[in-house]
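These notes concern the structure reproduced below.
Start at 1 and go down the list; that is how both ligands and their atoms are numbered. Quick caveat: nothing in here was measured; it's all calculated off a predicted structure.
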Amino acid sequence: MHEQDIEKILFDAETIRRRVDEVAAEILRAYDGKDLTMVAVLTGSVPFIADLIRRLPRPLRLDCIGAASYRGGTKPTELTLTKSLQLDVANRHVLVVDDILDTGATLLRIRDIISSLGAREVKLCVLLEKEVPHAENIRADFFGFRIPPHFVVGYGLDFREQYRNLPYIATLKQSVIES
Ligand code: XMP
């Protein structure tokens, strides 16, 4: 694999598994007695939401929304919506699931889009929340881990579309980022 490109593992597979268990338990409690539509933000949230939904033994609907903000590097560019929702979310409780809350620009826009479709409530769940000032103080309602403002890969997160399949979350060597 590309393990020689990894600088440091921040969260190994077992640590992620245990934390996803806890986040799932929080979600179960929070949505007790409510309908639930989960929306995966493509592509980075795929491993996380796949693990999450299998720990939610209750009725739920699943949809995906496509958003791309990182054009092959580590610096954000303008957000492009690449796929719209298929399900009707009017009057529904929607939980948007993404890999990471960085500046918050992506989730702010997605939350606005889903609210404008008439959702009754839109909450946010991210695996990682970066300790940086977020746009308009947007915070995740559910999160896995808080991390310092480093660029990370693995468990869905990519650098130039690689490393999404790593079972852990890690930083990349500076030489790889600069290459
Ligand atoms: P914003 O800044 O809009 O960013 O909150 C959210 C999206 O940007 C990507 N992102 C990252 N991707 N490592 C990555 O692989 C990172 O450290 C990182 N920080 C932000 C990600 O796609 C996220 O949905």
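Heavy-atom contacts of Lys130 reach the following atoms of ligand 1: 16 (C), 17 (O), 18 (C), 19 (N) (cutoff under 4.0 Å). If you number the atoms of ligand 1 from 1 as listed, the ones under 4.0 Å from a heavy atom of Thr103 come out as 1 (P), 2 (O), 3 (O), 5 (O). Under a 4.0 Å criterion applied to the non-hydrogen atoms of Asp98, ligand 1 contributes the atoms 24 (O). Which parts of ligand 1 touch His150 is read off a 4.0 Å heavy-atom cut-off, strictly below it: atoms 17 (O).
Heavy atoms of Phe151 approach ligand 1 to within less than 4.0 angstrom. Contact between Gly104 and ligand 1 is present, with at least one heavy atom of the residue lying under 4.0 Å from the ligand.
With respect to Arg18 and Glu22, no salt bridge is recorded, no charged nitrogen being found less than 4.0 Å from a carboxylate O. Ion pairing of Asp51 with Arg17 is absent here, as no side-chain N (NZ or NE/NH1/NH2) approaches a carboxylate O to less than 4.0 Å.
Counted by atom type alone, Tyr155 and Asn165 present zero donor-acceptor pairs between their side chains at under 3.5 Å. Looking only at atom types and distance, the side chain of Ser115 has no donor-acceptor partner in the side chain of Asp112 under 3.5 Å away. In summary, the side chains of Thr37 and Arg61 do present a donor paired with an acceptor at a separation below 3.5 Å, with no hydrogens or angles considered. For the residue pair Tyr168 and Glu3, a side-chain donor N or O sits within less than 3.5 Å of a side-chain acceptor on the partner.
Residue contacts with ligand 1: Val152 is placed with a nitrogen or oxygen under 3.5 Å of a nitrogen or oxygen of the ligand (distance criterion only). Not one N or O of Leu157 is nearer than 3.5 Å to an N or O of ligand 1, by distance alone.
Remark: Arg146 is positioned above the aromatic ring of Phe143, its terminal NZ or CZ atom under 6.0 angstrom from the ring centre and at most 45 degrees off the axis.
No chain of hydrophobic side-chain contacts below 4.5 Å, direct or via other Ile, Leu, Val, Met, Phe, Trp or Tyr residues, connects Val126 to Leu36.
Compare Asp158, Leu172, Ile100 by their heavy atoms: the one nearest to atom 21 (C) of ligand 1 is in Ile100. When the heavy atoms of Asp102, Ile147, Thr171 are ranked by distance to atom 19 (N) of ligand 1, first place goes to Asp102.
Within the 4.0 Å heavy-atom criterion, neither part of Val41 lies near ligand 1.
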